[in-house]
Student: 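Have a look at this one before I ask anything.
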Amino acid sequence: MTSPYVFAHDAYAADLQRGFAHLSDGEESGHSVRAAGRLMLLRRQGRVAFATMRDSSGEIQLFALDAVTAAFEEFTHLHLGDWVGVAGEVVRTKRGELSLKVTSWERLAEALHNFGDKWAGISDFDLRYRHREADLWANDTTRTTLRRRSDVLRSLRERCWAAGFVEVETPILNAIPTGSAARPFVTHHQALDSAFYLRVAPELWLKRLVVGGFERVFELGRVFRNEGLSPRHNPEFTMLELYAAYWNYADMMSFTEELVAGVALDILGTTEIDYQGRRLSLTTPWPRRSMDELVSEALDESVSVHTERATLVHHLDTVGVEAHPSWGPGRCLSELFEHLCESSLWDATFVTGHPVEISPLARRDPRDPEVTERFESFVAGRELSNGFSELNDPLEQRARFEEQARLASAGEVETMAIDEDYIKALEWGLPPTAGLGVGVDRVAMLIADEANIREVIAFPTLKPLRES
RNA sequence: GCGCCGGUAGCUCAAUUGGCAGAGCAUUUGACUCUUAAUCAACAGGUUCCGGGUUCAAGUCCCGGCCGGCGCACCA
């Protein structure tokens with residue numbers, strides 16, 4: 001059977017359900033429509049048959065009768081999963097189900113595979129992730145979750161546009177992987193015969209656009225980090241980065257909380273959301289807590305970036321972390337924070353005062369030059385965003401990069417590579433600027449109430465199947 | 001990368017101590033003119049993830065591998 005190339009279509013299930021809600025049981029509207037979708041259920045009863053058809057808007061029942069429906073016998077032999085286009089009158093059956101009384105129909109595509117149990121759906125993770133199309137067919141929650149992700153992207157974009165940010169795109173193929181201390185993926189360009197790295201962050205490119213005069217820019221796109229997989233980490237993930245000239249980190253914190261809370265309002269209508277069975281607050285303003293204050297509380301002993309390294313190393317020891325010889329007090333403090341405090345930050349919270357040592361692109365805090373004007377937001381025990389007043393002094397930036405190179409030679413695997421072009425860009429003059437990076441997948445997880453990042457990614461990274 | 005758990009029909013799942021590999025749904029055939037996961041009847045459906053080993057006998061026990069889930073590590 002040749003399958004049709006087109007199907008002229010003028011009705012969606014949800015519109016019909018709304019528009020004909022007034023039809024009483026057994027009533028016929030006299031109104032004919034053409035609709036299309038996928039066959040979900042099929043019940044034959046002798047010379048009549050009922051089918052449930054789903055389109056992108058919802059579901060509607062098809063009512064076929066031998067006396068009315070063309071090729072009735074063939075209709076009753078359609079397979080679950082087949083795509084069909086139908087023409088028929090909008091009616092309500094005696095039992096009260098809004099239906100299309102099918103006069104003519106065609107099969108638009110045949111489903112050659114049985115996708116699943118019509119009641120239990122598909123639950124095998126391997127099948128669901130490797131064949132998301134079948135998962136989407138079979139599981140309502142997959143459809144709503146991926147739809148929610150799309151809603152998050154739209155909301156983020158609209159809110160950035162509304163605040164005067166210009167959407168830009170910067171290179172994914174980078175000769176130097178920088179902007180974040182992360183291990184990159186390496187690839188190769190044939191014609192140039194040179195190595196390229198997939199970006200670990202668009203950060204430096206975006207600031208170069210600010211140098212060039214784009215005062216507010218954002219990029220919403222994929223970054224790639226060569227790291228392990230977990231329920232919260234996919235090697236390629238979506239990041240929103242934005243930069244605003246003339247702002248400092250405090251301005252950016254205000255923007256961040258309004259942005260994330262705004263997304264929740266746009267989609268869920270509230271900033272007090274339910275996440276994994278627990279109430280979670282995104283209501284602004286979010287508390288501002290400094291890193292040394294949180295660590296001191298956890299240790300019940302006052303510590304900071306000025307505390308002697310040996311003391312911090314001792315505390316690390318008690319939480320089972322062995323300090324690398326290259327770690328200074330700043331890195332030690334940060335490690336203590338991550339092990340003692342991070343997982344307990346449930347409601348949205350800003351953590352500020354990151355040591356210079358772990359913040360090579362952030363501006364020093366004039367009140368304490370050992371810490372930076374930086375913040376990270378934490379929600380549900382994990383980092384959601386990261387931002388700071390951007391370091392715009394080319395001389396100091398060079399020194400910071402050189403410190404990173406020194407750490408690399410001391411054995412640190414994840415350091416930031418020196419980028420001469422970026423330093424030159426700073427020499428052209430970067431106005432005072434604040435920057436922000438938001439983990440979009442994690443926002444989607446919050447909004448969709450999903451615990452696993454793979455659920456909010458249509459096609460998550462999986463190990464390729466090999467010969468066993 | 002390490003640890004724990006899992007992989008049985010297209011899908012969802014059973015299978016007692018190691019003793020003939022099963023059910024529901026889907027598919028195929030038949031009955032049924034208002035069903036709602038329709039119902040009823042029948043047929044068919046298997047490399048029990050892969051490869052070794054132990055045993056009279058392995059889905060089950062042992063070893064190796066593949067893939068997944070969770071935890072750890074790395075990170076956002």
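Each chain gets a letter, A, B and so on, in the order the sequences are listed, and its residues count up from 1.
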Student: Heavy atoms under 4.0 Å, any strand shown: does A/R130 hit a base, just sugar-phosphate, or nothing?
Tutor: sugar-phosphate
Student: Check the distance between B/C34's C1' and A/E89's CD and give it to me in whole angstrom.
Tutor: 15 Å
Student: Can you label the angle between the A/F401 ring and the A/Y422 ring as parallel, tilted or perpendicular, going by 30° and 60°?
Tutor: perpendicular
Student: Taking any heavy-atom pair under 4.0 Å as a contact, classify A/Q45: base, sugar-phosphate, or nothing.
Tutor: base
Student: May I ask you to say what A/N452 touches in the nucleic acid, namely base, sugar-phosphate or nothing, with a heavy-atom cut-off under 4.0 Å?
Tutor: sugar-phosphate
Student: Quick check on B/C13: is either OP1 or OP2 less than 4.0 Å from any side-chain nitrogen or oxygen of A/S123?
Tutor: yes
Student: With sugar-phosphate meaning primed atoms plus P, OP1 and OP2, does A/E376 contact a base, only sugar-phosphate, or nothing at under 4.0 Å between heavy atoms?
Tutor: nothing
Student: What does A/P460 touch in the nucleic acid at a heavy-atom separation under 4.0 angstrom: a base, only the sugar-phosphate, or nothing?
Tutor: nothing
Student: For the base of B/G24, is there a side-chain donor-acceptor partner from A/D117 under 3.5 Å away?
Tutor: yes
Student: Any salt bridge between A/E342 and A/R382, counting N to O under 4.0 Å?
Tutor: no
Student: What contact category does A/H131 fall into here, base, sugar-phosphate, or nothing, at under 4.0 angstrom with non-hydrogen atoms?
Tutor: nothing
Student: Taking for each residue the nucleotide of RNA chain B bearing the nearest heavy atom, is the 5' side occupied by A/I122 or by A/L80?
Tutor: A/I122
Student: Any base atoms under 4.0 Å from A/N386, or only sugar-phosphate, or nothing? Heavy atoms, all strands.
Tutor: nothing
Student: Under 4.0 Å, counting only non-hydrogen atoms across every strand here, what does A/T93 touch: a base, just sugar-phosphate, or nothing?
Tutor: base
Student: With a cut-off of less than 4.0 Å, is there a side-chain N or O of A/N234 near OP1 or OP2 of B/A76?
Tutor: no
Student: With nearest nucleotides of RNA chain B determined for A/R47 and A/G121 from heavy-atom distances, which residue corresponds to the more 5′ nucleotide?
Tutor: A/G121
